[in-house]
Amino acid sequence: MAKTPERGVKIQKNSPLKAYFLHHARVFVSSLGELTRRPIASMMTITVIAIALALPSGMYLFLHNVNQISADWDSSAQMSLFIKNNVSQRKVERLANRLNLRNDIESTKIITPEEALDDFVRISGFGDALNSLDKNPLPSVIVIQPIVDNQKPLQVSQLLNDMKKLPEVDIAQLDLEWVKRLYTMLDIANRAVWVISILLGIAVLLTVGNTIRLDIQSRKEEIIVIKLIGATNAFIRRPFLYTGLWYGLIGSLLALILTNIALSLISTPIQKLASLYNSNFELIGLSFDNSLMLIITSCILSLGGSWLAVGRQLSKIEPS
Amino acid sequence: MAKTPERGVKIQKNSPLKAYFLHHARVFVSSLGELTRRPIASMMTITVIAIALALPSGMYLFLHNVNQISADWDSSAQMSLFIKNNVSQRKVERLANRLNLRNDIESTKIITPEEALDDFVRISGFGDALNSLDKNPLPSVIVIQPIVDNQKPLQVSQLLNDMKKLPEVDIAQLDLEWVKRLYTMLDIANRAVWVISILLGIAVLLTVGNTIRLDIQSRKEEIIVIKLIGATNAFIRRPFLYTGLWYGLIGSLLALILTNIALSLISTPIQKLASLYNSNFELIGLSFDNSLMLIITSCILSLGGSWLAVGRQLSKIEPS
Amino acid sequence: MIRFDNISKQYPGGFEALLGVNYHLPRGQMAYLTGHSGAGKSTLLKLIAMIERPSRGQIFLDGVNLNQIGTNKIPYIRRNIGIIFQNHQLLNDRNVYQNVAMPLIISGCRHQEVSKRVRAALDQVDLLNKENAMPITLSGGEQQRVGIARAIVHKPALLLADEPTGNLDPELSKEIMQLFERFNQVGVSVLIASHDLNLIDEMGYPVISLDDGQLVRNDLTLVGAKS
Amino acid sequence: MIRFDNISKQYPGGFEALLGVNYHLPRGQMAYLTGHSGAGKSTLLKLIAMIERPSRGQIFLDGVNLNQIGTNKIPYIRRNIGIIFQNHQLLNDRNVYQNVAMPLIISGCRHQEVSKRVRAALDQVDLLNKENAMPITLSGGEQQRVGIARAIVHKPALLLADEPTGNLDPELSKEIMQLFERFNQVGVSVLIASHDLNLIDEMGYPVISLDDGQLVRNDLTLVGAKS
Ligand SMILES: Nc1ncnc2c1ncn2[C@@H]1O[C@H](COP(=O)(O)OP(=O)(O)OP(=O)(O)O)[C@@H](O)[C@H]1O
Ligand SMILES: Nc1ncnc2c1ncn2[C@@H]1O[C@H](COP(=O)(O)OP(=O)(O)OP(=O)(O)O)[C@@H](O)[C@H]1O
Ligand SMILES: [Mg+2]
Ligand SMILES: [Mg+2]
């Protein structure tokens, strides 16, 4: 039959390319129509996707913000170098300036023995006796503000070791060991967010895949019929792929909404908390780039899920 | 027809109760058979459920462990009371004993001015001058170990305020403010785990509901046929409910496996981390009770999801 | 057995499929239902099986007013009727044996009893050799016969058949009609919708005829008067 | 148009549905296919539409050897055939209009053209008034006619009909056969499987007959020799 002038050809057709795009656009819109025709059913799938997407983005934001808070706390992560008594004041200043040049040190501050004594007097509240000392027994102290890189909590230990080795330094002491511990925890949490994101990404893929699979299953008869009257596999595949895309798109938008609602809900208590610590901390939301990433990831995962399902299922459904 | 002796009655039937249980048992087993007949499809649903269940239990464990670690750190959360100079040593001892009776104080320790001076001499490394002092300028200090309740981080502030008001006390000072901050963070995280658990619980419910819904959809024709030949709604509902139950059961078992694998994976690095801090910390796993709770919750959620789906769908499917 | 009392059926959308239909099929009677395509034959049968509910009028099935039967009681009504559907209505994911066994399983029949009865029914429609085949692998006529076996397996008091021989060759059609006749002879009431006017004539049972939803022929009044 | 060259078809499971079948349906010819239930009529038609593949032998459709057509080319073969299925095969989630329009939409036909052709086809099977009805709300005969309209809407070169009048009353059956006849008169090749021996006789076209998968009557050899 393929050789003869086909009767079917008499049908007035659109130009192939135009027809192709028209058809795609029509399927794109009509697959959305399908979803809205079964609103509750579609919402179930979309909600699952949105939850699966909102969780990692929420956790990402949480950690991002904690990192930010703890960056504020960096100021506490100071190091005190107690200088040997026989080092002259000028040498102490030179040492401080030299240390200042290191790229893992933010700033240095010298506390002279006099200042130290004043502090001590102030803290102990009993100056009289000390003031009567003929010689100040306290050493000079250089207070170092290290540059703390969240990714490298061990750098600070390294710096501490270096400092201990300086000939002028008697004792080097990290003021707040706990900051290091916090960073270790944050580091673990960051990794956890990655693992969780991957797991939930798989969940999105499977959810969409599963939905589409069962959708195909429930349209098995229709697919057979439509194959019987000459539809190509691509023609049959298309609406399912677009449905998957819609799931991903709407699911990610819902996830964004959920995340932002959650954010605005906790923003007030967090702000209050921050003010307790005199921090002028601003809660960080999802940036435009983050949001776009989320949407694109979701669309890709959903499309991937439906692609897998369609591929597996369609070949199994053949008229007989 | 109901009034006349029915011909159908001639059929030899089992006793109703026995038949009922036999039928339930048969459906229970055969619905598992259905799942294994489509292994990949079933695994998709079960994996989504398992991920949704494994995440909150994993996070629960994470926080549980962090709580544990920080409990070790509690020892750092000390308070120092600098006692006024005119208070006699005996009075200091009495005060310390009195404070010891408070139920928010774990223990107290007195540092006499002599001990303080010794410490200072040791730290400053320049004892000679101080030793020559005719009068010790330092105050007595009572070091308090508060009882820290994670749930009530503000209790410590309260205690601090109380201490400041004591007439004998000159200055009261919390040694490690950061512990409070950590607890605040843990508290937020604990709440987050609850919110996440609820969200993921909803995800489980929806996933199973959705799967069962689409399953029903794909068996629409069969349901109609079986209704046409006299099956009751309960008869039709049963296999779907049992399928939901199976999803929940297998999903939760898989979640337990996932959680325990994850646990054993991070156990080594955590152990190493703990040893860094000289902590004899043991990673806590899911207890038997936890596991049982997870399984039961999962079964209830899944059964609930399928119940919702079945209720909604079956009434819509009527022969016509 | 069946009494229609001024029955009308209007489908949602407004189409009047039946209009003031009256007839009475006595217990143990066999009769044919004819009429053009779309006349309302299937609708009439669906009303008896409570697949549809009448818009007006009353239907009595063995003395029971079907209007007074609640939705949850419908399954029990259907279990006493054997229905052969125009479009077979087989379960595509179960084999022939399981399809035919379904009515027995639904009513909680014993295992040994089930297998005995199913084989007997399959034997009567000449399909014992296709016991394990899936419906989709059967020819149209074979599927139709599976539907017939399923309708008779539980020995219902009433047999409704919608076009039971539409896919069968004349010879087999005759045999199936004779099968119905045998059932009728042991006391089963039978109502058969059919287009096969030749065969109907040949069998010589009373005929009721529909035209656009209205009863235009009713041999049953004669029979009813007689009995 | 169709040539079967020693075709056998063995289904998975071992059943031999066709055994060494030879015939040639010339282009523009109309013919009937008969045989008892399970003789292999539907199988023969399915082989032409490539719904099944033969186990042995070769089928030529308009000179093309179907054995040499790959799976991905099958849709294009089917688009040039109009098939009327024994079990209607309608899309239950679309209305009558959309069902009939399907073959045109699949081959990318223009919007205005679609609606013109669909209405013409529905008119020919006397269903213009059911345009917006869903298949499930149609009587058995009406569904069958929707299937017929769908098979002719794209004016295929070959029309295959499997029991197209099984659910139709004798009068309507006659009309449908005459519709096929009109198609045949404008050059369409037509092959109709049917049990309605009276009607077949009346129409007077050549008959090929199957018995247990073997060709037992073939009027087409005479015709073939003639043309
Ligand atoms: N669910 C429905 N909704 C609306 N109209 C319907 C419905 N079911 C049937 N009809 C209409 O009612 C009329 C009678 O249908 P019915 O199925 O009773 O006809 P029939 O006599 O069985 O015809 P056939 O011999 O073709 O099967 C038909 O015109 C059909 O379109
Ligand atoms: N997919 C299949 N697998 C196995 N056997 C099959 C399959 N399809 C059909 N058969 C068998 O092949 C034989 C011929 O089937 P076919 O459908 O061709 O018969 P037919 O002539 O159309 O009969 P009818 O008039 O009843 O429709 C039947 O016995 C049937 O059981
Ligand atoms: Mg009908
Ligand atoms: Mg057939």
Side-chain angles (χ1 to χ4, degrees), chain C residues 11-13 15 17 34-43 45-46 52 85-90 92 125-127 129-130 132-145 162-173 175-176 193-200 209-211 213, chain D residues 11-13 15 17 34-43 45-46 52 85-90 92 125-127 129-130 132-145 162-173 175-176 193-200 209-211 213:
Chain C
Y11 277 112
F15 188 87
T34 65
H36 63 86
S37 170
K41 303 180 294 299
S42 298
T43 303
L45 296 179
K46 282 178 187 168
E52 296 285 352
F85 300 94
Q86 197 163 8
N87 50 353
H88 318 333
Q89 301 275 28
L90 302 182
N92 282 322
V125 295
D126 205 15
L127 275 182
N129 59 330
K130 295 276 181 186
N132 295 316
M134 299 304 279
I136 205 131
T137 70
L138 297 179
S139 80
E142 286 161 349
Q143 290 184 23
Q144 198 154 44
R145 284 181 278 156
D162 198 353
E163 207 73 61
T165 60
N167 285 303
L168 300 180
D169 50 292
E171 204 174 318
L172 201 51
S173 299
E175 277 174 34
I176 293 293
S194 177
H195 288 303
D196 200 337
L197 301 183
N198 297 329
L199 193 57
I200 292 174
S209 233
L210 288 169
D211 189 341
Chain D
Y11 278 111
F15 187 88
T34 66
H36 63 87
S37 170
K41 301 181 295 299
S42 299
T43 303
L45 296 180
K46 282 178 187 168
E52 296 285 352
F85 300 94
Q86 196 163 7
N87 51 353
H88 317 334
Q89 302 274 30
L90 301 181
N92 282 322
V125 295
D126 205 14
L127 275 182
N129 59 331
K130 294 275 181 187
N132 295 316
M134 300 305 278
I136 204 132
T137 70
L138 296 180
S139 81
E142 286 162 349
Q143 290 185 22
Q144 198 155 45
R145 284 180 278 156
D162 197 353
E163 208 72 61
T165 61
N167 286 303
L168 300 180
D169 51 292
E171 204 175 317
L172 202 52
S173 299
E175 277 174 34
I176 293 294
S194 178
H195 288 303
D196 200 338
L197 302 183
N198 296 330
L199 193 57
I200 293 176
S209 232
L210 288 169
D211 189 341

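Just so you know, these numbers use all the heavy atoms, side chains as well, and skip hydrogens, waters and symmetry mates. In what follows, chains are A, B, ... by sequence order, proteins preceding strands, each numbered from 1.
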Relative to chain C, which segment of [X] carries a heavy atom at a distance below 4.5 Å: side chain, backbone, both, or neither?
| X | answer |
| --- | --- |
| D/Leu172 | side chain |
| D/Lys46 | neither |
| D/Glu171 | neither |

Among the listed options [options], the residue most often paired with chain C at heavy-atom distances under 4.5 Å:
| options | result |
| --- | --- |
| D/Ser194, D/Ser42, D/Pro170 | D/Pro170 |
| D/Gly40, D/Ala17, D/Ser139, D/Pro12 | D/Ser139 |
| D/Ser173, D/Gly140, D/Gly35 | D/Gly140 |

Non-hydrogen side-chain atoms of C/Gln144 and D/Ser37 separated by less than 4.5 Å: no
Options C/His88, C/Lys41, C/Gln86, ranked by heavy-atom pairs under 4.5 Å with chain D, top entry: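 Heavy-atom pairs under 4.5 Å are most numerous for C/Gln86.
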C/Asp126 atom CG, over 12 foreign heavy atoms within 6.0 Å: no
Portion of C/Asn167 that has a non-hydrogen atom of chain D nearer than 4.5 angstrom: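 Looking at C/Asn167, backbone and side chain both touch chain D.
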Which atoms of C/Asp196 approach chain D - backbone, side chain, both or neither, heavy atom under 4.5 Å: neither
